[in-house]
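For reference, the structure is listed below as structure tokens.
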Amino acid sequence: MIKLTIDGQEVEVEPGTTILEAARTLGTEVPHYCYHQDIGIDGNCRICLVEVNGNTDKLTISCKQPCGEGMDVKTESDAVVKARKGVMEFLLINHPLDCTICDQAGECPLQDYSYHYGSGDSRFVEQKRNKRKKVEFSDKVVFDGERCILCTRCTRFFEEVRDCRPIGVENMGGKSTITLGPNGPIEDPYQLNIVDICPVGALTSQDFRFKQRIWFMDFAETVCPGCAKGCNITAGAYQGKLLRFVPRRNPDVNKSWMCDDGRLSYDDYNITERTRGAKVAGADASFEEALAKIGELVGDGSGVAVLASTSDTCEELHAIRTWAGKVGVTHLWHGAETWEGDDFLKEEDATPNTAGAQRLGFTPVPTEAPSLRGLVVAGDCPVPPALLADLDFLVLQAPVAGELGEAAMVLLPGLTRVEKKGTWVNCLGHAQKVQPALEPGPGVREDWELWRDLAGEDWTTLKAVTRAMEAASGSSSDTPLVASES
Amino acid sequence: MFSADLVTELEEIRGRFPYPKAAMVPVLRRVQEEKGWLDGETQAWVAEFLSVESIEVHEVVSFYPMLYGQPVGKHVVHVCRTLSCDVCGGKELWKHLEKKLGVGRNGTTADGRFTLRAAECLASCGTAPVMLIDNERHENVGPADADKLLEATS
Amino acid sequence: MKLSNVISARFDKEGSTKLKGYREDGGYETFLKVLKEKRDPAQLIDEVKTSGLRGRGGAGFSTGMKWSFVPKDSPKPKYLCVNGDESEPGTFKDRQILEKDPHQLLEGVGLASYAIGAHTAYIYLRCEFKQGIATVQKAIRKAYEAGLFGKDIQGSGYDLDVHLTMGAGAYICGEETSLLNSIEGVRPYPRNKPPFPAVEGLFACPTIVNNVETISNIPHIIKNGADWHAKLGHAEDPGSRLWCVSGHVEKPGVYEAETGFKLQDLIDGPCGGIRGGKKLKAIIPGGSSSKVLLPDEVAQVTMDTPGIRAMGSSLGSAGIIVLDETTCMVDAVLNLMKFYAHESCGQCTPCREGTPWIVQILERIERGEGREVDLELIEDLASNIEGRTVCALADGACWPLVSIVKKFRHEFLAKIPAAARKEAVTA
């Protein structure tokens, strides 16, 4: 271990830890632009300069400099603050300062740091430099050369994370700019990550551009519902409509990244028409009537199967299986949806909780399914037509009934993937917390409440379901069903 | 795209390095001698020759002043503009050439014969002012000398 | 003023570039002796260290010390890179060596490579050195043909390949880590240090980058011994250097002399004084990236590291730019700042943004639209650039800038309209 002092506080770190990382452990965030935890260190922006051992002639970049035994680091000394103000000034002289129309506004380190280290009045009375603006890097990403501060996070992302070179830096000195390569638009299916990591508004998403000022939006820290990887995301909505998904860092799952398909899938959940209230045999019914009807249809459970969606949360699935166990339904199957996966983050399994369903005892629909009297579909999932062949009855609980709704004896509403609260277990086995990004509106109950009522349990909160699930399944650290509190 | 002899020569250059990419600048210079300037097709050829992406070639070409990513005239004239030349007749030489060739900085004469460019210090400060014509160094160049040199350049 | 002739001894000989002539003058004997005797490389490094040789490229770091940083136990190949990107304004000495005595350099390459355990050396020349490139390329070929390079040199068991490579007109490539990136075929941005090249340099292997003149000193030091070199010139900064004098002197050129002489003597003696009997105004003594000296400072200064440091400047690359009384110093510094702004690689913020800004301010002053506060602004901007960047290019821009603005403030003020002077603004 290496012992050093940062701003007068002693700290011990592993050898190889940089000053910036060491400062973080003390809760000190050294300003930075080019440094990004999940791509290689470059050291070009110079805003993270700190003073080491009193050397004010030459300051040290904290993002790259490893801690040394006995180092005395100052992150806010007079020399450091002056240098930082200097860098801010240099970055801003040729910046268009068009924050009023910039999508990055509100989540822009350039704005944030200039609040702390900027000067109220400009000493720059010269002509600003003109660079290319509104350059389409692809149908997903637009580039503004004047806003760019040349931190090269974007080029390094492709080079180091994606092993490809669709963009690069051209020219020299003050004329340097990021440019699209000779092979045309960026095609990489992870390209929208460069919009996130761009510390300014130089790279914007064609999809999100000019849609909404972020300070008017509501955010939920949740998990991408697009596939079994469960990339951690922040879902952003405005007035009940999802506007974007952006990745949220989780070093064990997705680092700082997510695939474009998952990211752009947010709009799938902006549904305009959905099932509200319950129906029995096509006629509006109260929830109590609907649930009573289900009990009557299922009877002793023989010849009845449950087909649960793998986008249902573990808590929902626990409630379903509790009910199934009580009424003697032994076929606990889970649905499946696929899309094209890749070798980075995107899984072929296009649902977020297959692992959770399997841990809770749900199995894939057998290739030769037994003939059924009745089928209970719990949650949004495709139903193999073979299962529907000789049914006496179908119970369907889903946010959107679709054609199948016509055939359902009992129809119940449900939550979409972005309205759920609970736990999903991803393909790596991590139990992750899911938070609702949207409200379902009237006539829709929490899915777990429906199944609880059917099962006749007295769980009053989601927490109670979680506890019951843990008790019943022995959720262990090896195969967790519950997200650890972090 | 290139003669077998040239390709052999380029292969020799490439062979000097443990990685083909390291031959970037010498290969580009040699190819530029042949083609005059480095158009997209040539850059793509070099990219393939060095097993790199085209953008990597472009990044390098667009960086170096002596690699031409834009068309130039048949002959490229560089006049040193840095201090020692500047104070020893460089300014006058530059003005003379601008007038004589009828072009400004980076301009190419209408007949396509000459491109006039400014160069930074050419390491001949003791014999200022200095100019290059197609990379051939000329020292102590007064306006009259420049005229003769241009005339002798066909 | 006594001139010397260690490095330049053979410059004016007929056929000085030819291998035959070089060998007749005893060339390569030292290299072959070292190989034959299987001299201990560590002992050669010590020899160079004790000789007091400092790098001739500009930074003036102890060459032997630099060599000693190469890890002995590294399993990776080691490289020697010779920096012949000579482009510091006012400097034109390496070119003389390349064009006039290439084998002296190549013998140095052989010795230095052997000392640091390198089996591959790259000689990096700027592409504008057409003649130098041709001469060195031919010399390399001749050396190979004579069995001086290649596999198992003269049965010694030592292999050495020497290759030529080139830059393409970017000043930054003279910065040693930029040079490494240039050789690697990527944008030649300087690297953040540490790691230093001696530990992680070319192709991430231990690498020594030395200037052409530095390496050309090595055969002489190994041949004549460290003590011989240590006694040349100034005791604390010994050696015989090539001094490049340009600008307003009667006889500009490269003069070799041992360190420790008086600058005034070089100007008045070999250089024949100021051109046309004019008066001296200023000298930038160590390539453009050094602080300017006024005539009274020139009269006192001795050309050695301690002597020039006492005057607040540096020897740099020994490019002595002489400016007479007709020179407008605002013009001069603008010329240099345009150079630095043009040559800034653009990698890091203070240099990329700061150097063009300073050019804009100086141009405004030139146009008669300056304000007195601009002079303070320039100094403050320089303080936000110097010591804040990846490499020393920006430091090198600030040194002449700030010293010229300070020492020639009156010339700047003379271009500033009365209404923009401080008295007028505060009144």
Side-chain angles (χ1 to χ4, degrees), chain A residues 33-34 40-49 51 55-61 63-66 68 79-95 119 122-129 148-152 155 159 165 168-178, chain C residues 168-173 178 186-195 338-364 367 369-371 373-374 376-378 380-395 420:
Chain A
Y33 292 117
C34 68
I41 295 166
D42 205 57
N44 64 54
C45 76
R46 315 307 284 181
I47 193 116
C48 77
L49 287 167
E51 185 182 315
N55 186 351
T56 53
D57 288 342
K58 222 164 165 50
L59 299 178
T60 303
I61 44 169
C63 69
K64 186 143 196 285
Q65 179 64 48
V80 170
V81 170
K82 178 166 177 1
R84 213 172 267 165
K85 286 182 173 173
V87 171
M88 277 309 303
E89 182 176 44
F90 289 134
L91 288 174
L92 290 174
I93 53 171
N94 284 300
H95 189 85
S119 159
S122 173
R123 302 196 290 178
F124 184 77
V125 296
E126 327 298 334
Q127 186 92 33
K128 278 186 196 273
R129 193 167 45 217
C148 175
I149 60 166
L150 285 159
C151 71
T152 67
T155 57
E159 206 170 342
R165 294 298 317 273
V169 187
E170 70 176 359
N171 304 335
M172 184 184 179
K175 294 192 177 106
S176 304
T177 183
I178 305 294
Chain C
Y171 169 68
I172 193 63
C173 295
S178 165
V186 297
R187 284 169 72 80
Y189 288 155
R191 301 175 182 174
N192 278 298
K193 287 145 285 228
K338 282 183 175 170
F339 169 81
Y340 290 104
H342 183 263
E343 298 301 329
S344 167
C345 74
Q347 177 184 206
C348 74
T349 309
C351 180
R352 178 184 69 235
E353 304 296 334
T355 51
W357 185 3
I358 288 164
V359 168
Q360 285 176 300
I361 296 168
L362 291 170
E363 281 179 330
R364 193 158 44 70
R367 287 198 306 269
E369 295 166 23
R371 309 158 303 173
V373 290
D374 288 328
E376 276 72 45
L377 176 58
I378 288 174
D380 190 56
L381 294 182
S383 73
N384 287 341
I385 297 172
E386 191 184 334
R388 309 296 180 247
T389 52
V390 176
C391 80
L393 182 144
D395 299 347

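Below, chain A is the first sequence line, B the second, and so on; all start at residue 1. Quantities reported herein were computed from a predicted structural model and do not represent experimental measurements.
Proximity to chain A is absent for every atom of C:Glu363, based on heavy atoms less than 4.5 angstrom apart. Looking at C:Arg187, the atoms closer than 4.5 Å to chain A (heavy atoms on both sides) all sit in the side chain, from C-beta outward. With a 4.5 angstrom heavy-atom cutoff, A:Lys82 touches chain C via backbone and side-chain atoms both. The parts of C:Arg388 that come within reach of chain A are both its backbone and its side chain, each placing non-hydrogen atoms under 4.5 angstrom from that chain. Heavy atoms closer than 4.5 Å to chain C are found in the side chain of A:Ile61, but not in its backbone. If you measure heavy-atom distances from A:Thr60 to chain C, you find no contacts under 4.5 Å at all. Using a 4.5 Å cut-off between heavy atoms, A:Tyr33 makes no contact with chain C at all. Proximity to chain C (any heavy atom under 4.5 Å) is shown, for A:Asp42, by both the backbone and the side chain.
Among A:Thr152, A:Ile93, A:Leu49, A:Asn94, the residue with the largest count of heavy-atom pairs under 4.5 Å with chain C is A:Ile93. Ranked by non-hydrogen atom pairs under 4.5 Å with chain A, the options C:Asp374, C:Leu377, C:Thr355, C:Asp380 are led by C:Asp380. If you tally non-hydrogen atom pairs under 4.5 Å between each of A:Arg46, A:Met172, A:Lys58 and chain C, the highest count goes to A:Arg46.
A donor-acceptor pair is defined here as one N or O able to donate and one able to accept, closer than 3.5 Å; no such pair exists between the side chain of C:Ser344 and the backbone of A:Gly173. In this structure, the side chain of A:Thr155 does not engage the main chain of A:Gly168 through any donor-acceptor pair within 3.5 Å. Under a 3.5 Å cut-off, the side chain of C:Glu343 and the backbone N or O of C:Tyr171 do form a donor-acceptor pair.
Taking CD1 of A:Ile149 as the reference point, atom CG of A:Leu91 lies at 5.0 Å (rounded to 0.5 Å).
Residues forming a side-chain hydrogen bond (donor to acceptor under 3.5 Å, both in side chains) with C:Asp395 (at least two apart in sequence, or on another chain): none.
Using a 4.5 Å heavy-atom threshold, the side chains of C:Leu362 and C:Ile378 count as touching. Looking at A:Val169 and C:Gln347, their side chains never come closer than 4.5 Å, going by heavy atoms from C-beta outward.
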**Asked** Could you go step by step and tell me if C:Glu353 and A:Arg129 meet the salt bridge (charged side-chain N to carboxylate O under 4.0 Å, His left out) rule?
**Response** CA-CA 10 Å; C:Glu353 304 296 334; A:Arg129 193 167 45 217; 2.8 Å; yes
